[in-house]
A.B. asks: 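Okay, here's the structure, questions in a sec.
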Amino acid sequence: MAVGTKALLTISPCKVDNGTVSVDSSKTEFEAMINPSGYEHTFQLSYSKKRVLGQPGTETKYNASDPEKIVLKELIFDGTGVIRPGLLEAGDPTPVKDQIELLKDVVYTYEGSTHETPIVQLKWGSFLFYGRVEALKFDYTLFKPSGEPLRAKVTLTFIEYQSTEEISKEAEQTSPDLTHIVEVKAGDTLPLLCYQIYRDCSYYTEVARINNLTNFRALKPGIKLQFPPLN
């Protein structure tokens, strides 16, 4: 890109090889006529609540990090030639319906070979996001006398894509749903270790049973303990 050239939003089809997502250069990408008016980037966490009989409230505990979401606002498609002429051989602006079909081919069309909707890369300047489209909304605002649309505003919602390998790497073996082997250090107690792993010290009796500890109050530094997944 030349110095001073405005970076336009591009949406490129992707492929996954050995858990790594990359742009598939053999497929056609979509480039916006003009950039969206803006975008929303949503991060969301989900929590679980363990109800205990007789208690007036519940303790909220972290359960998972939900996939990120991107909403592109007011992506303009124009067939009048006023905004940015996408010229055909005949010299006429590219019809709005053809622009929409290209976008749908890139982000929406079901792929029979993978039995999935496409994974795409959103690139806008330094912004980079990999995901699948969750929703498309077309708002037609200008028409020819025949009823053919001349302009449309498009809102797209994308949900983040991560391969199984990427999710496992991100977890870095810190999840309470994974088995942990911990080497005891001086000053460690079983309730403290349970709290560090499960965020709940009450599991110490179960961990003591699994590790055949007869005296869990006097842990010897250097021994290794197994902390199983939570039920």
Side-chain angles (χ1 to χ4, degrees), residues 1-46 64-88 92-111 114 116-142 149-167 169-170:
M1 180 183 298
V3 176
T5 302
K6 186 177 182 180
L8 291 172
L9 168 74
T10 57
I11 305 176
S12 305
C14 291
K15 57 186 177 180
V16 181
D17 293 320
N18 297 321
T20 301
V21 185
S22 60
V23 171
D24 188 347
S25 58
S26 68
K27 295 183 178 180
T28 304
E29 69 177 16
F30 170 85
E31 183 178 82
M33 298 183 72
I34 60 172
N35 287 325
S37 62
Y39 66 88
E40 295 178 357
H41 194 172
T42 302
F43 300 80
Q44 185 168 318
L45 303 176
S46 60
S65 297
D66 295 336
E68 298 172 23
K69 284 189 178 183
I70 292 291
V71 179
L72 299 177
K73 300 179 178 180
E74 293 192 358
L75 185 62
I76 303 294
F77 287 177
D78 183 82
T80 66
V82 172
I83 293 181
R84 178 176 179 264
L87 300 181
L88 300 174
D92 295 327
T94 304
V96 167
K97 63 179 182 179
D98 291 347
Q99 298 175 43
I100 288 175
E101 286 304 313
L102 173 59
L103 175 64
K104 290 173 66 177
D105 283 345
V106 173
V107 306
Y108 185 77
T109 303
Y110 177 82
E111 295 181 343
T114 59
E116 297 278 5
T117 51
I119 301 166
V120 296
Q121 179 202 75
L122 307 182
K123 186 177 182 182
W124 185 3
S126 60
F127 172 74
L128 206 61
F129 184 86
Y130 293 90
R132 285 190 170 105
V133 72
E134 186 177 62
L136 294 89
K137 178 183 176 182
F138 298 98
D139 182 11
Y140 299 95
T141 60
L142 186 65
L150 281 172
R151 188 168 295 161
K153 295 179 181 178
V154 186
T155 301
L156 299 99
T157 303
F158 291 89
I159 188 166
E160 179 189 23
Y161 173 81
Q162 282 186 303
S163 66
T164 302
E165 291 82 357
E166 289 173 323
I167 293 172
K169 184 182 293 186
E170 189 174 286

A.B. asks: Is there a donor-acceptor contact under 3.5 Å from the side chain of Asp139 to the main chain of Val154?
C.D. replies: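 Here the side-chain-to-backbone pair does not exist.
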
A.B. asks: Please check if any side-chain donor atom of Asn18 sits under 3.5 Å from a side-chain acceptor atom of Thr20, or the reverse.
C.D. replies: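 No, no side-chain donor-acceptor contact under 3.5 Å.
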
A.B. asks: Run the side chain to side chain contact (heavy atoms under 4.5 Å, CB included) test on Val96 and Asp78 for me, step by step, so that the C-alpha distance in whole Å, both residues' side-chain angles and the decisive distance to 0.1 Å come before the verdict.
C.D. replies: CA-CA 6 Å; Val96 167; Asp78 183 82; 5.8 Å; no

A.B. asks: Thr117 and Val107: side chain to side chain contact (heavy atoms under 4.5 Å, CB included), yes or no, with the steps?
C.D. replies: CA-CA 7 Å; Thr117 51; Val107 306; over 6 Å; no

A.B. asks: Hey, mind stepping through Thr80 and Leu142 against side chain to side chain contact (heavy atoms under 4.5 Å, CB included) and telling me if it holds?
C.D. replies: CA-CA 9 Å; Thr80 66; Leu142 186 65; 3.9 Å; yes

A.B. asks: About how many Å separate OG1 of Thr10 and CD of Gln121, when rounded to the nearest 0.5 Å?
C.D. replies: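 Those atoms lie 6.5 Å apart.
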
A.B. asks: Step by step, work out the side chain to side chain contact (heavy atoms under 4.5 Å, CB included) result for Leu75 and Leu9.
C.D. replies: CA-CA 10 Å; Leu75 185 62; Leu9 168 74; 4.2 Å; yes

A.B. asks: What is the distance from atom CG of Leu72 to atom CD of Glu40, rounded to the nearest 0.5 Å?
C.D. replies: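 Between Leu72 CG and Glu40 CD, I get 10.0 Å after rounding to 0.5 Å.
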
A.B. asks: Rounded to the nearest 0.5 Å, what separation is found between the CD1 atom of Ile11 and the CG atom of Leu156?
C.D. replies: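 The CG atom of Leu156 is 5.5 Å from CD1 of Ile11, to the nearest 0.5 Å.
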
A.B. asks: Taking C-beta and beyond as the side chain, do Cys14 and Tyr161 meet within less than 4.5 Å on heavy atoms?
C.D. replies: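 No - every pair of side-chain heavy atoms lies 4.5 Å or more apart.
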
A.B. asks: Assess whether a salt bridge exists between Glu111 and Lys27, defined as any Lys/Arg side-chain N lying under 4.0 Å from an Asp/Glu carboxylate O.
C.D. replies: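 Looking at Glu111 and Lys27, the cut-off is met.
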
A.B. asks: Evaluate the side-chain proximity of Asp105 to Thr28: yes if any heavy-atom separation is below 4.5 Å, no if none is.
C.D. replies: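 Answer no - side chains too far apart.
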
A.B. asks: Any side-chain heavy atom of Phe43 sitting closer than 4.5 Å to one from Asp66?
C.D. replies: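 The answer is no, as the side chains (C-beta and beyond) never meet within the 4.5 Å cut-off.
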
A.B. asks: Is there a side-chain contact between Tyr39 and Val71 (heavy atoms, below 4.5 Å)?
C.D. replies: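 Of all side-chain heavy-atom pairs linking Val71 with Tyr39, none is under 4.5 Å.
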
A.B. asks: Measuring from Thr157:OG1 to Lys73:NZ, what's the distance to the nearest 0.5 Å?
C.D. replies: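 Interatomic distance, Thr157 OG1 to Lys73 NZ, rounded to 0.5 Å: 10.5 Å.
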
A.B. asks: Taking side chain as C-beta onward, heavy atoms only, is Gln162 less than 4.5 Å from Pro67?
C.D. replies: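 When only atoms from C-beta onward are counted, Pro67 and Gln162 do not touch, as no gap falls below 4.5 Å.
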
A.B. asks: With heavy-atom distances below 4.5 Å as the criterion, would you say the side chains of Leu103 and Phe77 are in contact?
C.D. replies: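 Yes, side chains in contact.
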
A.B. asks: Can you name the one residue among Val23, Val106, Val133 that meets side-chain contact (heavy atoms from CB on, under 4.5 Å) with Val120?
C.D. replies: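 Of the listed residues Val23, Val106, Val133, the side-chain contact (heavy atoms from CB on, under 4.5 Å) partner of Val120 is Val106.
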
A.B. asks: Say you draw a straight line from CG of Leu102 to CD of Glu29; how long is it, rounded to the nearest 0.5 Å?
C.D. replies: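 Nearest 0.5 Å value for the CG-CD distance: 9.5 Å.
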
A.B. asks: Does the gap between the ring centers of Tyr108 and Phe158 come in under 6.0 Å?
C.D. replies: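 Ring centres of Phe158 and Tyr108 not closer than 6.0 Å.
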
A.B. asks: So how far is it from Leu136 CG to Lys104 NZ, rounded to the nearest 0.5 Å?
C.D. replies: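 So the CG of Leu136 and the NZ of Lys104 are separated by 8.0 Å.
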
A.B. asks: Check whether Ser65 reaches the backbone of Leu45 with its side chain - one donor and one acceptor, N or O, closer than 3.5 Å.
C.D. replies: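 It does not hold such a pair.
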
A.B. asks: Could you check Glu68, Glu116, Glu160 and say which one makes a salt bridge (Lys or Arg N to Asp or Glu O under 4.0 Å) with Arg132?
C.D. replies: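 Running salt bridge (Lys or Arg N to Asp or Glu O under 4.0 Å) over Glu68, Glu116, Glu160 with Arg132 returns exactly one hit, Glu116.
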
